[in-house]
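Note that these values count all heavy atoms, side chains included, but never hydrogens, waters or copies made by symmetry. Keep in mind it's a predicted model, so treat the numbers as computed, not measured. We name chains A, B, ... by the order of the sequence lines, and we start the count at 1 in each one.
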Amino acid sequence: MDVADLPGVPDWLPDHLRDDGIEELYPPQAEAVDAGVTQGQNIVAAIPTASGKTLVAELAMLSAVARGGKALYIVPLRALASEKQAEFEQFEQYGLEIGVSTGNYESDGGWLGDKDIVVATSEKVDSLVRNDAPWLEELTCVVSDEVHLVDDGQRGPTLEVTLAKLRRLNPDLQTVALSATIGNADELATWLDAELVDSDWRPIELQKGVHYGQALHVEDGSQRRLAVQNNEKPTAAVVRDTLQDDYDEDGNLVEAGGSSLVFVNSRRNAEAAAGRLGSTVRPHLTSEEEAELADVAAEIRGVSDTETSDDLADAVEQGAAFHHAGLARGHRELVEDAFRDRLVKVVCATPTLAAGVNTPSRRVVVRDWRRYDGTAGGMQPLSVLEVHQMMGRAGRPGMDPYGEAVLVANSHDELDELFERYVWADPEPVRSKLAAEPAMRTHILATVASGFARSRSGLLEFLEETLYASQTDETGRLERVVDDMLTYLERNEFLEIDGGDGEARSASKSSGDEPRDELDATSLGHTVSSLYLDPMSAAEIIDGLRDWQRSAAESTTADSDGGFTTASELADEQAAAGEADPDDISALGLYHLVSRTPDMYQLYLRSGDREEYEMELYEREDELLGPTPSEFEDDRFEDWLSALKTARLLEDWADEVEEDTITERYGVGPGDIRGKVETAEWLLGAAESLASEIDTDAARAVSEARIRVEHGVREELVDLAGVRGVGRKRARRLFEAGIGDRAELRDAAKPVVLAALRGRRKTAENVLENAGHRDPSMEGVEPDSDVDVLDDDPRDRDEDGVETGEDQSSLGDF
DNA sequence: TGGATCTTTTTCTAGACAGCATGTC
DNA sequence: CTAGAAAAAGATCCA
C-alpha cells in the first residue's frame with residue numbers, strides 16, 4: 001500500500017513518511033490500515049518486534065488527533081517511555097504536543113491535558129485513573145504496547161484493569177493493542193472487540209539455529225561449519241564467527257564483521273562471560289576503535305567508583321560489555337550507545353536487554369535457556385515467548401542482510417530438544433493473572449475507591465470486562481477471591497461493606513440474595529488507593545506505626561491497659577498520656593518497616609548472612625517497629641531478616657557510607673542501591689501520609705528518615721542537602737568547613753564556600769544562588785587556604801569529623 | 001617451599017512499576 | 001523432587 005492512499009491521516013503525513021524513505025507500508029501495516037486503524041477501529045496487532053509496530057501506533061494516534069482527539073501510548077517500562085517520546089517528537093514540527101508521565105519524570109511545559117499524545121507507563125495511567133485526571137475523558141485513542149505482558153503475574157493485572165477502566169470511562173475509545181506474536185492473539189481481539197492483525201512477517205529475515213559441536217544447525221535443515229577452537233567455549237566460537245567478515249562465492253565482501261548479543265541467566269554469568277569474550281574480541285579491534293573504547297571505559301569509571309564499574313570498564317576496553325539491572329543508569333546507557341555505535345562488539349546480558357530499549361544485533365546467542373526459580377525449586381526453562389523475544393533482537397533493519405539467532409546445545413539430545421522446544425515451537429498463549437490475590441487486593445480497593453463499582457455486584461460486573469473474565473467460564477473462582485479480598489479490606493478498615501439493613505437491600509438489584517452488598521472506601525482506603533500502595537503494605541505500615549505509638553505512650557505513662565484496637569481509642573489514650581516522642585523512632589526502624597512490605601523487593605540472604613543478621617536483630621530489636629516473629633515461623637522470620645538486611649543498606653546510605661563499601665558489603669550493584677533508595681523514598685513518602693491520617697506523632701520522624709535516604713546524608717546535613725545543587729558530598733564538605741545549614745550558607749564567607757567546594761567557581765555560584773544568597777558572584781574570590789577539603793571516606797572519621805587514621809579504623813574490624 | 005595446573009566442593013541465582021514536588025558530583 | 005556455571009578450596013606435580 002502506497003503512503004498516499006492512507007485514509008484519515010493528516011495531510012502532511014505522506015510527505016513526512018517519504019522524507020523518511022517510507023514509500024510503501026509493510027504488509028502487516030497495510031493490513032492494519034485495511035482493518036481501519038486510521039478510522040478509529042479497534043485493532044490487535046500481533047506482529048514481530050521491528051516489523052513496524054510503531055508506525056501502526058502512529059497512524060492510529062495521528063489520525064485520532066487529526067479528528068480533534070487525544071491519544072495515550074502505554075508502555076511497560078520508563079526507559080521505553082523516553083524512547084517513544086523521542087520518536088514522537090518528530091511530529092512536533094506539525095504542531096502536535098507530546099507529553100510524558102512516569103513515576104519519576106513528568107514532561108514540563110504545561111499540563112498533560114494540553115498534549116495531543118501522552119506517553120505513560122501502565123502503573124502511571126492506573127494512578128491517573130485513581131486520582132481522577134480529568135483529561136482522561138477526552139481520550140479518543142489508546143495504544144497499549146507489549147500487551148502480551150498481561151500474562152505477567154505482578155504487573156499484568158494492572159494493564160488489564162487499566163484498559164478496562166479507560167474503555168468504560170469512554171465507550172467510544174479506540175483501542176490499539178500491540179503484541180509480540182503469541183498463541184492466542186484472537187482471544188485478545190475478542191476481549192477488546194478488535195480486528196486482528198496476526199502476522200509473522202519481518203522486514204529482515206530471521207534465521208534461527210542451534211549450535212552443537214563443530215556446526216551450526218539452521219532451521220531450514222542446513223548446517224554450517226562453526227568450529228570450536230582448543231580451549232574455547234562454544235559461545236566464544238559463535239561470537240568469533242560473527243566478528244569475521246562474510247564473503248559470497250565470488251569472494252566479495254557481503255557483510256563486515258558484526259556484533260553479537262549473548263543472553264545468559266544470571267548477572268554473575270553475564271560479567272564472567274563478558275570478561276572472557278573480551279579476549280575473543282580484542283584481536284578484531286582497529287586502533288581507532290581501541291582509542292574510542294578507552295574513552296567509553298573512562299566515562300564508565302566516572303559513573304561510579306565501584307568494582308562493578310571497574311569490571312565493566314575493563315571489559316569495554318576489550319570491546320565487550322555486560323548489561324544487567326545492577327548497573328547504574330549511566331552504565332546502561334553508555335553500554336547501549338556503544339553497542340548501537342558498533343564500538344562494543346559483544347554484550348552479555350540478562351533479560352533486561354530483551355524487554356528494554358531497542359538494541360538490535362547482527363547475531364543473538366541464547367546461551368542459557370533455563371533460569372533459577374526459587375518458587376519452582378530449581379531451574380525452569382524459559383518460556384517460548386521470552387526466547388523468541390530475545391531472538392527477535394537479531395538483525396538490524398537496513399544494516400544486516402539477515403539476522404541470526406543461535407541457541408547453544410551441549411549434547412546431541414539437547415540439540416534436538418532445543419529445536420523442538422524453541423525453534424519449531426509457537427509461543428504459549430497469554431493468560432490473565434488477575435485472579436491472583438495480591439492483584440485483586442489492590443485493584444478491588446482502587447475500583448471501589450475511584451467509584452467504578454459501589455457494590456459487590458457492580459464490582460463483579462466490572463470484572464466481567466477484563467480479559468480474565470473472557471478467558472474463563474468458571475466464575476466461582478473469581479467470586480471466591482473477590483469475597484476473600486473484600487473481607488481482608490474490611491478488616492483493615494480500608495472498605496466498609498454495608499447493606500445488611502432493609503434500605504440498602506431494596507436499593508440493590510439482587511433483592512436480598514446478597515445481604516452485604518454495598519461497598520464504600522473509607523477515608524483511609526482512599527488514601528491508600530491514591531498513594532498507589534498495596535493495601536497489605538499500607539496495613540503493615542499502619543500496624544508498625546500504631547505499635548510504636550502504643551509502646552511510646554506506655555513508656556511515658558506508668559500504667560496502660562494496652563490493647564488499643566482503633567486509631568481513635570489510641571488517640572484518646574495518647575492525649576491522656578501526653579505526646580509520644582517521635583525522637584524514639586530510629587531511622588533503622590522505619591527503613592525496616594518499609595522494607596518488609598510487599599512493595600519492597602528485598603535483598604537475598606546469602607550463606608553467612610543468616611547468622612550475621614540474627615546477631616544484628618538481637619542487638620537492635622528494640623529499634624524495630626512491631627513484634628519480631630518467632631524463629632519457628634520460618635518464612636516470616638526469614639522475611640524479617642532479609643528486610644533487616646535491606647534496612648541496613650538504607651541506613652548505611654543515609655549514614656554517608658561510600659557507594660563501593662555498600663556494594664561490597666551487601667553484594668549488590670550500584671543500580672541496586674539506587675533502586676532500593678528510590679523505593680524506600682516512595683514508601684516513606686506514603687508512610688508519612690499514613691502517619692498523619694491515622695493520627696500518630698511519627699510523621700516528622702518519617703519525613704526526616706525519608707529525606708535522609710533521598711539525599712544519602714546524616715541528620716545534621718538534612719537542611720543543607722535540601723539546597724538545589726548540593727548532594728551528600730557537597731553538603732558534607734560545606735558542613736566540615738563550618739557551614740551548618742542553609743541560613744549559614746547564605747551568610748558564609750565566600751572564600752570558605754569556594755574552598756569547601758574545591759575551588760569550583762561555577763558550582764559555588766550556583767549553590768549560593770540556590771541557597772538564596774543576595775550576591776552569589778564568585779568573581780575575584782580566592783579559596784580560603786585554611787579550609788581542609790575532605791576527600792575521604794566518612795568511615796575513617798569519628799563523630800567530630802576529625803580524621804582518625806588507618807590503624808585506628810582497622811581496629812573496628814574486630 | 002612455591003607456584004602452576006588440575007580436580008573437587010561449595011556457592012549462588014532476572015527484572016523494576018508507583019506519591020509528591022523539583023533537581024546529583 | 002529437579003541445574004549448572006563460576007568461585008573457592010583442595011590435590012598434585014615439578015622445579
Nucleotide [N], atom [atom2] - distance to [atom1] of [X] in whole Å:
| X | N | atom1 | atom2 | answer |
| --- | --- | --- | --- | --- |
| Glu659(A) | dT24(B) | CD | P | 16 Å |
| Leu533(A) | dC20(B) | CG | C1' | 13 Å |
| His324(A) | dA14(B) | NE2 | C1' | 11 Å |
| Leu382(A) | dA3(C) | CG | P | 16 Å |
| Asn104(A) | dG19(B) | CG | P | 10 Å |
| Glu271(A) | dC12(B) | CD | P | 15 Å |
| Arg332(A) | dG15(B) | CZ | P | 8 Å |
| Met600(A) | dA16(B) | CE | P | 16 Å |

Need one value for [X]: base, sugar-phosphate or nothing, where a base atom within 4.0 Å counts as base even if backbone is also close, heavy atoms only.
| X | answer |
| --- | --- |
| Arg367(A) | sugar-phosphate |
| Arg730(A) | base |
| Val723(A) | sugar-phosphate |
| Lys233(A) | sugar-phosphate |
| Arg130(A) | nothing |
| Thr763(A) | nothing |
| Gly685(A) | base |
| Thr679(A) | base |
| Asn265(A) | sugar-phosphate |
| Val726(A) | sugar-phosphate |
| Gly725(A) | sugar-phosphate |
| Arg728(A) | sugar-phosphate |

Among the nucleotides [options], which one has an atom lying closest to any side-chain atom of [X]?
| X | options | value |
| --- | --- | --- |
| Ser266(A) | dC12(B), dA14(B), dA16(B) | dA14(B) |
| Arg706(A) | dA6(C), dG19(B), dG15(B) | dG19(B) |
| Lys124(A) | dG4(C), dA18(B), dG15(B) | dA18(B) |
| Arg370(A) | dC17(B), dG15(B), dA3(C) | dA3(C) |
| Glu123(A) | dG19(B), dC12(B), dC17(B) | dC17(B) |
| Glu681(A) | dA6(C), dG19(B), dA3(C) | dG19(B) |
| Leu77(A) | dA16(B), dA5(C), dC12(B) | dA16(B) |
| Glu386(A) | dA14(B), dA5(C), dT13(B) | dA14(B) |
| His711(A) | dA18(B), dT24(B), dA3(C) | dT24(B) |
| Ser607(A) | dC12(B), dA16(B), dA18(B) | dC12(B) |

Take atom [atom1] of [X] as the centre, draw a 6.0 Å sphere, and report whether it contains more than 12 heavy atoms from other residues, nucleotides or ligands.
| X | atom1 | value |
| --- | --- | --- |
| Arg760(A) | CZ | no |
| Gln380(A) | CD | yes |
| Arg761(A) | CZ | yes |
| Asn104(A) | CG | yes |
| Glu106(A) | CD | yes |

Counting Watson-Crick and G-U wobble pairs only, both distances under 3.5 Å, name the nucleotide matched with [N], or none.
| N | answer |
| --- | --- |
| dA14(B) | none |
| dT9(B) | dA7(C) |
| dT24(B) | none |
| dG2(B) | dC14(C) |

Measuring to OP1 and OP2 of [N], would you say a side-chain N or O of [X] lies under 4.0 angstrom away?
| X | N | value |
| --- | --- | --- |
| Arg267(A) | dG15(B) | yes |
| Tyr604(A) | dT13(B) | yes |
| Arg733(A) | dT24(B) | no |
| Thr121(A) | dA18(B) | yes |
| Ser127(A) | dA18(B) | no |
| Arg78(A) | dA18(B) | yes |

*Between Asn269(A) and Gly378(A), which is nearer to the 5' end of DNA chain C once each is assigned its nearest nucleotide?*
Gly378(A)
*Hey, which of these two, Tyr601(A) or Arg268(A), hits DNA chain B nearer its 5' end, going by closest nucleotide?*
Arg268(A)
_If you assign Leu128(A) and Glu710(A) each to the DNA chain B nucleotide with the nearest heavy atom, which residue ends up on the more 5' nucleotide?_
Leu128(A)
Of all heavy-atom pairs between [X] and [Y], which one has the smallest distance, and what is that distance?
| X | Y | value |
| --- | --- | --- |
| Tyr613(A) | Leu605(A) | CD1-CD2, 4.3 Å |
| Leu80(A) | Ala355(A) | CD1-O, 4.0 Å |
| Thr121(A) | Ile74(A) | C-CG2, 4.1 Å |

*So, Trp682(A) and dG19(B): ring centres less than 5.5 Å apart, planes less than 30° off, yes or no?*
no
*Verdict with reasoning, Arg301(A) to Asp314(A), per salt bridge (Lys or Arg N to Asp or Glu O under 4.0 Å)*: CA-CA 9 Å; Arg301(A) 287 184 217 276; Asp314(A) 289 347; 3.0 Å; yes
*Under 3.5 Å, is there an N or O donor on one side and an acceptor on the other linking the side chain of Tyr372(A) and the base of dG4(C)?*
no
*Considering only atom P, compute the distance from dA6(C) to dA14(B) and round it to an integer number of Å.*
14 Å
